[in-house]
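Following: one structure in structure tokens, then a few remarks.
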Amino acid sequence: MFVAAEFGMAMAHVFDIDPLAIAGSPLERNALMIQRLSKRQALWDAGQSPYANDFSPTHTAVQALRWFASDPLHLQSFVATELGAAVDDRSVQSSDHPRVQAPRVHMAGRALAINVKGKVAFVRVLDRSAAEVPAVRAHENVLREQIGLPPRDAQTPTFQFYFSRDDDPATFDRLFKTTDGASWDGPLCDVGDIIGGQGLWFRTRTGEQSLWLKPSPAGPALRILTKSVRPLPDKFHGLADKETRLRQRYVDLTMNQDVREIFRKRSQVLRGVRQFLDDRDYVEVETPMMHTSLGGAAARPFRTHHNALDMPLYLRIAPELHLKRLVVGGIERVYEINRNFRNEGLSQRHNPEFTMLEFYRAYATFRDLMDEVETLISQLALQVCGATQVTWGSNADGSPRVIELAAPYARVRIRDGLRQWAQLDEAALDDETSLRKRALELGVKLDAHATLGKIQVELFEAVAEPHLVAPTFVWEYPAETSPLARSNDANPAVVDRFELFIGGIEISNAFSELNDPVDQYQRFAQQLDQRAKGDEETMDLDIDYVRALEYGMPPAAGCGIGIDRLVMLLSGAESIREVILFPHLRPETGTAGPMADTAAAIPPVAAGNSPDPH
RNA sequence: GCCCCUUUAGCUCAGCUGGUAGAGCAGCGGACUCUUAAUCCGUAGGUCGAGUGUUCGAAUCACUCAGGGGGCACCA
């Protein structure tokens, strides 16, 4: 028997046999892990691979739960007889519950809770359908109500296995009880293991939909398919530490089902956007992420280097100029959904790499795109949230803030906003001294080299933000802040451009495209001028882009939508880190950095310690 | 880059003005044949983020550094 007094010896034994546990590994080895590594070895010793890949589940939890809701007979407690088999099962005969014919099924997943109660065991299993499970359980409650049954807890994301020792005593004892074993005497199955079971669906006395594990000639009632040697967090409190949640998303996704739900929504948003644009004859493309010159946005870049060509490269800050080359080439409706990289500060709203949708449409103006964007966003809200109203952030009094995303959206000129919210009169709007004075009064910091237009925009964004909670298109931007946008025909001082704000944050930016190559060349030249004056966020002169425009780009409008921020709105997340699976974090302390030679830190695996399946 | 908060067992957290560490869950041993945060009995588990200092004595006080969170600045 393995007892506590022998623990030190057993540890030494494990270190002998387990290359994973060799001192010097950068990963910690606590007592719980040593135990689990011993259990892993015990499975090898018994001739059972703890990492077998020969089990095929026939059903997911959701499919099982749908079966339970598919027939009024299945809604109440019952025991099951295998389809086509005689009723000779002892447990069935001894039960006074209704009998239902059920198919033999195989189910698999991660054990999240194990409850051994004498000679029966209950195991809660999480599989890929977990995010959908609550909805199916809620649907069953509707059916139960119709026939007068009390509702059941619908939140549980797991499905239950029921194991009675009588059905397979050897397996039951080895997995859940203390027995004699070569390298481990205790139960071999732990919370966190991936397990696979076979048997018949039934409903327990308390009404829980369950799989009654029963062996077959082909295999035992229950098997460990992957031994987990690292313990999961507390089953009740779960994983709360924000840092661990982000660094170890695999644990976060296992323990926190609302996280799984956010990324399911993210996937739906991406699918919905593609469907919307595909239906309107847009073509999805992929353009380079590595650029030789900067353009398409005002932002600081990441720099990298190509060895063979011995040349510097930038990670792209925007795909805009490539997409418009494609419009020149005749792809009149084109879009790309992909990552941009900007070398700027991190915040609740900013990640160094973020996903952007950009789409371009020939023979359209920025006004056409306003209509298209508000239609897209209201449709997405309906598809993803089931309603056009979302709850995001909180009001001044702390109550949840409800935002209506149904079209149409308000449209506000920058000048009108400045007059209304910054209390400036018409004359002051074009007077730099007055604007700077007002900015000073409002505590808005301005660059010394900021131009009149830039001051107008910055002042606007500072005073308008609290008023831009409901979706609002802001338009009539000064020309010098938008070097790629088309000037307004009646007033060349402004460009035909809008930004869409929702919940006080910028979601979208769009404009009618400048397609006069001469004008475009001059605006690039202006950018170089501003750079000479110290503005670091200017664009390079992209001469090939000017050449493309010289061939002629059809009149067009283009739009960018920050997908991460849109997902935030639709999922209620207030930090961009919550909607990015692996947001940027500093390297963990105590582990080797990305540039370190990690190969040298990991000792070679000794041969012959465990069966090698290859 | 600046300011504030935070880091204690595998997880979630206590630990008061300085006296060398606690609970629940998980683990291990035992009881229990329909539980669902199962229950009951017993038991083990810690370089208190790292370092330096003050002190007879530091999880606790001071300083430095690191990670994380929030805010400012920059930006989408």
Side-chain angles (χ1 to χ4, degrees), chain A residues 1-5 7 10 28-36 39 77 79 91 94-95 97 112-124 152-153 156 158 160-167 172 177-178 184-187 190-192 202-208 210 212 229-247 251 255 297-300 317-318 340 342-352 354-356 443 445 447 461 499-501 505-509 536-537 560-565 574-577 585-591:
Chain A
M1 287 288 283
F2 184 89
V3 292
F7 193 75
E28 76 282 8
R29 291 283 174 263
N30 57 52
L32 295 181
M33 291 193 65
I34 302 291
Q35 284 175 5
R36 285 168 173 244
K39 297 181 185 193
S77 179
V79 290
S91 52
S94 66
S95 168
H97 285 267
L112 283 198
I114 299 173
N115 174 12
V116 182
K117 190 175 180 297
K119 292 189 173 59
V120 298
F122 300 88
V123 186
R124 308 257 16 155
R152 301 188 52 76
D153 172 25
T156 318
T158 51
Q160 177 169 279
F161 286 4
Y162 170 83
F163 196 175
S164 169
R165 184 179 184 276
D166 291 343
D167 290 314
F172 186 93
K177 292 291 184 180
T178 299
W184 186 259
D185 296 329
D190 287 303
V191 168
F202 83 114
R203 207 182 271 267
T204 64
R205 215 173 276 162
T206 54
E208 182 72 15
S210 309
W212 190 318
V229 297
R230 191 174 281 273
L232 284 176
D234 185 312
K235 70 181 171 194
F236 184 60
H237 298 97
L239 180 65
D241 184 74
K242 282 183 182 171
E243 182 179 354
T244 312
R245 286 186 50 201
L246 298 178
R247 287 196 194 281
V251 184
M255 302 306 295
R300 291 189 214 178
I317 55 175
N340 290 339
R342 298 191 184 174
N343 206 340
E344 283 150 4
L346 286 70
S347 79
Q348 278 199 301
R349 311 277 148 81
H350 299 85
N351 195 59
F354 63 101
T355 300
M356 179 96 131
K445 286 185 186 172
D447 280 349
E461 288 182 354
E499 289 193 9
L500 171 62
F501 289 82
I505 61 177
E506 186 190 336
I507 294 293
S508 175
N509 177 20
E536 290 184 59
E537 289 158 358
I561 294 181
I563 295 294
D564 309 284
R565 290 179 174 184
E574 291 191 51
S575 166
I576 199 167
R577 281 180 286 262
L585 296 174
R586 284 192 172 87
E588 236 176 310
T589 46
T591 59

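In what follows, chains are A, B, ... by sequence order, proteins preceding strands, each numbered from 1.
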Heavy atoms under 4.0 Å is the rule here; annotate nucleotides 3-8 of chain B 5' to 3' with B where the base is hit, S where only the sugar-phosphate is, and - elsewhere. ------

Using whole Å, what does the distance between atom P of nucleotide B:C28 and atom CD1 of A:Ile34 come to? 14 Å

By nearest atom, which of the nucleotides B:U12, B:U33, B:A76 is closest to the A:Glu506 side chain? B:A76

With heavy atoms under 4.0 Å as the rule, sort A:Lys39 into base, sugar-phosphate or nothing. sugar-phosphate

With a non-hydrogen cut-off below 4.0 angstrom, is A:Asp241 in contact with a base, only sugar-phosphate, or nothing? sugar-phosphate

Before accepting this row, confirm whether a basic side-chain N of the pair A:Arg565/A:Glu506 lies closer than 4.0 Å to the acidic partner's carboxylate O. no

Which heavy atom in A:Ile576 sits nearest to a heavy atom in A:Ser347, and how many Å separate them? CG2-O, 3.9 Å

Base B:U36 paired with A:Arg124 side chain (donor-acceptor, <3.5 Å): yes

Pair of N/O donor and acceptor under 3.5 Å linking B:U35 base with A:Glu208 side chain: no

Looking at B:G10, B:G69, B:U36, which one has an atom nearest to any side-chain atom of A:Pro231? B:G10

Is A:Arg230 near enough to B:G10 that one of its side-chain N or O atoms lies under 4.0 angstrom from OP1 or OP2? no

Record whether the side chain of A:Asp234 comes under 3.5 Å of the base of B:G24 through a donor-acceptor pair of N or O atoms. yes

Touch class at under 4.0 angstrom, heavy-atom based, for A:Arg565 against every strand present: base

Counting distance alone, no hydrogens or angles: does the base of B:U36 have a donor or acceptor under 3.5 Å from a partner atom on the side chain of A:Thr156? no

Comparing A:Asp153 with A:Phe202, nearest RNA chain B nucleotide closer to 5' gives the residue A:Phe202

Restricting to salt bridge (charged side-chain N to carboxylate O under 4.0 Å, His left out), what partner residues turn up for A:Arg245, sequence neighbours left out? A:Asp252

Ranking A:Arg165 and A:Ile507 by the position along RNA chain B of their nearest nucleotide, the one closer to 5' is A:Arg165

